[in-house]
Amino acid sequence: MSTPERRKPFPFDQFEPKWQRVWDDRATFHVANPGEPGFDASRPKFYVLDMFPYPSGAGLHVGHPEGYTATDIIGRAKKRQGFNVLHPMGWDAFGLPAEQYAIKTGQHPRVTIAANVAHFKGQLQRIGFGYDWQREVNTTDPGYYRWTQWIFLQLYNAWCNPATGRAEPIETYRGDDPDSVRLAYVSGAPVNWCPELGTVLANEEVIDGRSEVGGHPVERRSMRQWMLRITAFAQRLIDDLGTLDWPDSIKLHQRNWIGRSEGAEVHFQVADATGTITVFTTRPDTLYGATYMVLAPEHRLVDVLVTEEQATAIETYREKTARKSDLDRTELAKEKTGVWTGAFAINPVNGQRIPIWIADYVLPGYGTGAIMAVPAHDERDWEFARKFGLPIREVVSPTPTLGLGGSGVCEAEPLECFVGEGYAIHSGPLDGLPTAEAKAEITRRLEADGLGRKTIIYKLRDWLFSRQRYWGEPFPILWENGKHRALDASELPVVPPDLEDFKPTGTPEPPLSKAKDWLRYSPSASSSSSASPRTKEGEAEAEADTHSNATRESNTMPQWAGSCWYYLRYIDSQNAGRFVGAEAEKYWMNVDLYVGGTEHAVLHLLYARFWHKALFDLGHVSTPEPFQRLVNQGLILGEDGQKMSKSRGNVVNPDDVILEYGADALRCYEMFMGPLEQTKPWSMTGVEGIYRFLARVWRLAMEENQAGEWTVSAAVQEIETPRDIAKVVAATVKKVTEDIEALAFNTALSQMMICCNALTGATVRPAAAIRTLLGVLNPFAPHLTEELWERLGGNALLAGEPWPAYDPALLIEDEVELPVQVNGKLRDKIVVKKDAPAAEIEAAALAAPNVKPHTDGKTIKKIVVVPGRLVNIVAV
RNA sequence: GCCGGCGUGGCGGAAUGGCAGACGCGAUGGACUCAAAAUCCAUUAUCCGCAAGGGUGUGUGGGUUCGAGUCCCACCGCCGGCACCA
């Protein structure tokens, strides 16, 4: 049995779809570009951007509408405040999750994505978001990824000139191996291979040795892969964070990820042989304390150095290391392991012979893959030295006096490891110098003697940019005789073959390699729509002959490729001749406000900055950074305070909320829960609270007649607003306007509740006051306010009406109530004229009935009068 | 271990160094109703008190200040991130 339909306190189910249709039909939120009809150059621009969703099969969850409602409120308010507002939406639809969903459902990703996009779009439209749908983008449209491929070509055909620190066309490179400097290049270095996902992954996609998607183990493996030279931009990516209005936590995260370290390279001569080992250290001042060296097991010199006696032990250890996953290798609190190579090096500053070890606590990918070990002043080296009985030599003293006069002779071994800064001891010419000076001095000396130099290194690695999956952008690259070359821009887009079996092969061989016909490149067939002008029939044939052995790159781009530049495509989404029109780009960039989750801190948000900088250097965009202001919405937890998940059964589906309470209630509740950036739990009774508020607003203006029809209430009259109501309304306009600017939507709503409560209490309700309240409530509850606006006689859409103004004079009281404290404790309140002199206020305060008992028999030492705030009497 | 962030009623939360607990939820009482739902009104930090009023109170302990939830120091707890980065 189904329960009878419960009567709705206001007919949101009727008017919400109605207004959504009106906004759609009239393209209310479409905004024109410069040069287009309807463009108003007199208005300032505002570009407000959401992180576009991944159209997964699960549909929207309540986390999406949180950020989306915030930007929608800003966008709607700014539009009414006289801005040209760009507020677009689109679909990030390439990549692993889409492909996995397709595999699960047994349908082609193209089909599932189309269905999911339609589903998502319907859901977003039912929430009433004011997007400019004419600018909708989908990263899997050929008309979109054509330009993703084009940008890849720009990177391929560019290098970062060390002289200028800028990306430049590869033509300006004067060396003899351009392939060694391109921003997009091929590398055979070890990569993160995830057997379960059947693809390699970027460092940013690997967390604790497992894949970010799915949490599968990741191993290291040498494979030929495409890389993007993001490291060339490391310093600028750090420096320019200073110009951005981003949360400190995200800036810090990016800074730590890039991981700049200042120090020195030091060259150690190998004893009894030729060759040097270069180490990186941030503490060159401890060089005299280096008592052994450690190479990463993978270090290429290990084979050269190892002595016959140690060869077996070394080989065994190296094999063991190779078998370890990243997970095992970085495991917590693990005991140090290592093996001596049998070889020695010479400490360049004191000539000491120090043994060379290998150990897996030295990582091949950081610094030079080799360290000088200073056990007295480094925790790891300390631990290692203790375990293997290696000498420990103290060369830094925490206090300046302790070590003074210390000779170069090694003293007794210290009792504990000291990693802090102090004063050099047992360090020859450095003795007595504070750490900072000792660093500078030893570096100067090393440089003078050609034994080393000052160096800055970064943790950031180049971006592993290829994947062995089907559902991604193909590379605009051909292979010929073992060499790669770029396709011409005129041959884009490179459309992937329509594979029946698009599953990963489970081997490093990408699925696209199964498409034999597609792989074989023939220029005439490649460029369907936009064949280059010079390609005539005969020439095409000739070329086909020339390149008969050319094959296409069969890897695809990672899911981050499309999202690296989508904010640019929105600006000019239909442009068939350029990735974004220059004039439009100049007008709309930068993004004024970008709202999204923190999960992309060192993924999308770093990658997009990198691409943008490259495009900026090459003259394709006009600003060095894409996103001026970034705000992270907080996570919404389930009603039980736990993260929402299917297994916990605490997932809230926005569709259900809309069905029962309406879109306006969903929007307002998500904003009323608490500060936007905070993590907060869902509460269904909280939704009901907001729903009741919206019903009260409805009943301010409407009443139900005998027939059960809603008509404008008789209490609503076109009269002049009484002063007390006018005051509340003015205060509400002020607070809501300011709170929207500050993204403090929860307090804006509470002020509107206060305003509504004040109007509910009035027997006669001035129509003008209600209209003003509707005006400021509109961005939050657009359907309800639009409906009431019309019922109260509005002809045009409220969405296009100017933002309400208020008379500041109304907010200035003639008389003010001041709390009176005695020794900081509240005792009474007095009412005084707004601009009463201090003496008068003091007298009134002292005379207040509840003040007297607390001052009697005491000496008044001081009276603090804070005008308009309070009075504090200090009595002892 | 390191780096962030946060600790306020039964709950979500509010508070430019100036009346702690706005607003909402929940709860209690009342009105309306045959009754219920819905709605409206009132109360709602805590202790003493019939009341007026008073004591206590923003994780703990100190400090600065006429005045501290807010600023400073130390500690405790929770959440998030990073983690052998030389």
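For the numbers below, each heavy atom of this structure counts, side chains included, while hydrogens, waters and symmetry mates do not. Letters go in sequence order (proteins before strands), and every chain restarts at 1. All values reported here derive from a predicted model rather than from experimental measurement.
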From C-beta outward on [X], which listed nucleotide comes closest to its side chain: [options]?
| X | options | result |
| --- | --- | --- |
| A:S750 | B:A86, B:C40, B:C23 | B:C23 |
| A:N757 | B:G4, B:C25, B:G24 | B:G24 |
| A:M753 | B:G24, B:U39, B:A22 | B:G24 |
| A:L252 | B:G18, B:G13, B:G4 | B:G4 |
| A:L826 | B:G4, B:A20, B:G24 | B:A20 |
| A:H854 | B:G54, B:A86, B:G26 | B:G54 |
| A:F672 | B:C23, B:G18, B:A86 | B:C23 |

Please state how far atom [atom1] in [X] lies from atom [atom2] in [N], giving the value in whole angstrom units.
| X | N | atom1 | atom2 | value |
| --- | --- | --- | --- | --- |
| A:Y366 | B:A83 | OH | P | 13 Å |
| A:W698 | B:U39 | CH2 | C1' | 17 Å |
| A:W682 | B:G26 | CH2 | C1' | 18 Å |
| A:F745 | B:G12 | CZ | C1' | 18 Å |
| A:R827 | B:C66 | CZ | C1' | 15 Å |
| A:Y292 | B:A86 | OH | C1' | 11 Å |
| A:E599 | B:G80 | CD | C1' | 13 Å |
| A:W257 | B:C3 | CH2 | P | 20 Å |

### Query
For the side chain of A:K861 and the base of B:C66, is some donor closer than 3.5 Å to an acceptor across the two?
no
For [N] versus [M], give the span between their [atom1] atoms, rounded off to a whole number of Å.
| N | M | atom1 | answer |
| --- | --- | --- | --- |
| B:G61 | B:G77 | P | 16 Å |
| B:A68 | B:G63 | C1' | 11 Å |
| B:A22 | B:U16 | P | 15 Å |
| B:G57 | B:G62 | P | 12 Å |
| B:G10 | B:C48 | P | 16 Å |
| B:G9 | B:G59 | C1' | 15 Å |
| B:C23 | B:A37 | C1' | 25 Å |
| B:A74 | B:G21 | P | 32 Å |

### Message
I'd like to know whether the aromatic ring centres of A:Y691 and A:F10 sit less than 6.0 Å apart in this structure.
### Response
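Yes: the rings meet the under 6.0 Å criterion.
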### Task
Evaluate the ring planes of A:F384 and A:F388, with Trp represented by its six-membered ring, and classify them as parallel (under 30°), tilted (30 to 60°) or perpendicular (over 60°).
tilted
### Task
Report the relative orientation of the aromatic rings in A:W357 and A:Y292; use parallel for angles under 30°, tilted for 30 to 60°, perpendicular for over 60°.
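Geometry flag for A:Y292 against A:W357: perpendicular rings.
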#### Entry: Proximity to RNA chain B (any heavy atom under 4.0 Å), residues of residues 863-876 of chain A only
A:V864, A:V866, A:R869, A:L870, A:N872, A:V874
### Message
Quick one, A:T747 with A:K735, criterion side chain to side chain contact (heavy atoms under 4.5 Å, CB included). Give me CA distance, side-chain angles, the key distance, then yes/no.
### Response
CA-CA 8 Å; A:T747 48; A:K735 177 132 181 79; 4.0 Å; yes
### Query
Which part of the nucleic acid, if any, lies within reach of A:P853 when heavy atoms closer than 4.0 Å are counted: base, sugar-phosphate only, or nothing?
nothing
### Query
How is A:N746 classified with respect to the nucleic acid when contacts are heavy atoms under 4.0 Å: base, sugar-phosphate, or nothing?
sugar-phosphate
